[in-house]
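We use all heavy atoms of the structure for the numbers below, so side chains are in, but hydrogens, waters and symmetry mates are not. Counting begins at 1 with the first residue of the sequence.
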Amino acid sequence: MKRDKGMIHRTTDFRPDSTREKNPLWPLVLMVRAMTNRHSLLTRAGIAILMTAVVVPITSVSANCNCHDCELSPVSIEGPYFIDLHKIRSDVRENTTGVNLELKFQIVDIETCSGIGGATVEIWSCDAQGFYSGYLGRSPDEVATSARHQMPTDNSTFLRGGQVSDDEGYVRFLTKVPGYYAGRAIHLHVLVSVLKWDVFVGQMYMPEGIIEHILQEPAYHREPDAPSRVRNEEDIYFVSSGGNMTTLLPTVAYDGSLQASCRLGVKLRAKREYSAN
């Protein structure tokens with residue numbers, strides 16, 4: 001399987017001002033640029049986060065999320081909309097609309113601080129309007145009645161897929177920034193399994209400032225009677241499952257797409273005791 005060996009964090013745009021103004025996310029570029037001065041070391045809540053605007057090889061991806069290196073990443077519920085597709089692919093977008101998101105993860109054994117090769121990493125999320133593939137019969141305006149798994153309503157597969165990590169534990173996905181649905185903050189699910197054992201299931205979030213800009217894009221516009229969006233600090237799972245530690249800190253590319261990377265620390269002896277509820 002061909003794997004990408006590098007990624008580019010582009011937060012600096014050298015095009016003429018007239019061209020930049022055509023980028024609908026240019027205000028977001030400016031905001032992220034202000035947050036991440038080139039080659040700067042930021043400290044948030046006592047956590048040092050290295051963020052860079054230059055070419056970063058995938059073998060030295062900095063943690064563009066709040067997870068600690070070589071520490072167990074916070075787990076969360078699997079939720080009701082997981083589907084075991086056995087669909088290995090890096091580009092899960094299909095024909096969905098919304099802001100492109102390039103995600104790169106490194107899966108790390110917390111006991112050895114080394115990457116785990118051969119791990120299966122699966123992601124799934126709702127689309128810009130709050131619909132999950134496989135559950136198009138479920139209205140995003142209605143709060144889920146249970147966190148336990150629900151039977152799919154259809155055969156759609158957008159924004160779902162898995163990758164097998166390389167020898168150093170890296171995987172890469174092309175997806176879309178999720179929208180929101182009733183009762184939940186904007187999030188993306190991640191499941192990691194090794195030798196058929198699920199060793200991590202969690203949810204990735206985004207900073208509220210970035211979300212506000214994303215939701216101004218036409219693909220994310222909702223009807224006036226749609227439910228109000230739940231903010232991160234209002235979300236029960238963000239608060240109870242360490243969501244601040246799995247919040248992505250993306251950079252912005254020339255075309256307005258987002259790029260983010262994160263190390264996920266797992267314990268290989270972990271068993272799937274937390275996935276349902």
Side-chain angles (χ1 to χ4, degrees), residues 4 6-15 20 22-38 40 42 44 49-56 58 61-67 90-94 96-106 121 123-130 158-161 163 170-180 185-190 202-221 229 231-232 238 243-244 246-264:
D4 294 324
M7 71 173 179
I8 300 176
H9 291 295
R10 295 169 177 159
T11 59
T12 305
D13 195 330
F14 299 100
R15 295 178 297 174
R20 285 181 287 182
K22 295 179 182 179
N23 184 343
L25 290 184
W26 182 244
L28 178 57
V29 175
L30 296 177
M31 182 186 73
V32 175
R33 180 182 295 173
M35 293 169 57
T36 60
N37 292 329
R38 190 165 184 167
S40 65
L42 304 183
R44 289 187 179 181
I49 305 165
L50 180 63
M51 303 187 70
T52 178
V54 298
V55 175
V56 181
I58 194 169
V61 166
S62 57
N64 293 155
C65 66
N66 285 334
C67 286
S90 61
D91 189 343
V92 304
R93 296 172 297 177
E94 296 187 11
T96 53
T97 59
V99 175
N100 288 321
L101 172 63
E102 180 183 15
L103 271 179
K104 295 187 178 181
F105 295 105
Q106 185 188 25
V121 183
I123 65 169
W124 69 101
S125 65
C126 67
D127 67 7
Q129 290 294 304
F158 58 83
L159 304 181
R160 297 180 184 272
Q163 284 283 284
Y170 293 99
V171 294
R172 169 183 173 273
F173 291 97
L174 292 174
T175 184
K176 296 285 187 177
V177 176
Y180 71 92
I186 289 176
H187 63 283
L188 179 145
H189 297 267
V190 183
Q203 300 184 21
M204 312 302 294
Y205 301 88
M206 285 195 175
E208 283 293 330
I210 290 179
I211 290 173
E212 292 293 338
H213 283 277
I214 293 294
L215 294 182
Q216 294 176 22
E217 289 293 290
Y220 297 88
H221 290 177
R229 178 177 70 86
R231 300 176 65 87
N232 288 342
F238 180 93
N244 62 309
T246 56
T247 296
L248 298 168
L249 302 175
T251 56
V252 185
Y254 293 141
D255 61 0
S257 64
L258 301 186
Q259 301 166 333
S261 60
C262 195
R263 290 190 181 98
L264 296 177

A.B. asks: With a 4.5 Å limit on heavy-atom distance, are the side chains of Leu264 and Val121 in contact?
C.D. replies: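 Not in contact.
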A.B. asks: Say you draw a straight line from CD of Gln106 to SG of Cys262; how long is it, rounded to the nearest 0.5 Å?
C.D. replies: 10.5 Å
A.B. asks: Tell me, please, which residues at least two apart from Glu208 pass side chain to side chain contact (heavy atoms under 4.5 Å, CB included).
C.D. replies: Ile211, Glu212, Arg229, Arg231, Asn232, Glu233
A.B. asks: Roughly how far, to the nearest 0.5 Å, is CD1 of Ile186 from OG of Ser125?
C.D. replies: 10.5 Å
A.B. asks: Hey, can you tell me if His189 and Trp124 have their rings parallel, tilted or perpendicular (30° and 60° cut-offs)?
C.D. replies: parallel
A.B. asks: Got Met206 and Leu101 here, is their nearest side-chain heavy-atom distance under 4.5 Å?
C.D. replies: yes
A.B. asks: List the atom of Pro250, the atom of Pro207, and the distance in Å for their closest heavy-atom pair.
C.D. replies: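 Nearest heavy atoms, Pro250 then Pro207: CD-CD, 4.3 Å.
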A.B. asks: For Tyr180, check side-chain hydrogen bond (donor to acceptor under 3.5 Å, both in side chains) against everything at least two apart and list the hits.
C.D. replies: none
A.B. asks: Applying side chain to side chain contact (heavy atoms under 4.5 Å, CB included) between Leu258 and each of Ile214, Leu103, Asn100, report the one that passes.
C.D. replies: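 One option only clears the test, and that one is Ile214.
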A.B. asks: Less than 4.5 Å apart, any side-chain heavy atom of Met204 and any of Thr246?
C.D. replies: yes
A.B. asks: Which atom pair, heavy atoms only, marks the closest approach of Tyr220 to Val99?
C.D. replies: OH-N, 3.0 Å
A.B. asks: For Thr96, enumerate each residue passing the side chain to side chain contact (heavy atoms under 4.5 Å, CB included) test, keeping only those at least two apart in sequence or located in another chain.
C.D. replies: Arg93, Phe158, Leu159, Lys176
A.B. asks: Is there a donor-acceptor pair closer than 3.5 Å between any side-chain N or O of Gln129 and the backbone N or O of His221?
C.D. replies: yes
A.B. asks: Counting C-beta onward and ignoring hydrogens, is there a side-chain heavy-atom pair between Gln163 and Arg172 closer than 4.5 Å?
C.D. replies: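 Not in contact.
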A.B. asks: Are any of the side-chain heavy atoms of Asn244 and Phe238 separated by less than 4.5 Å?
C.D. replies: yes
A.B. asks: Among Leu188, Leu248, Thr247, exactly one meets side chain to side chain contact (heavy atoms under 4.5 Å, CB included) together with Tyr205. Which residue is that?
C.D. replies: Thr247
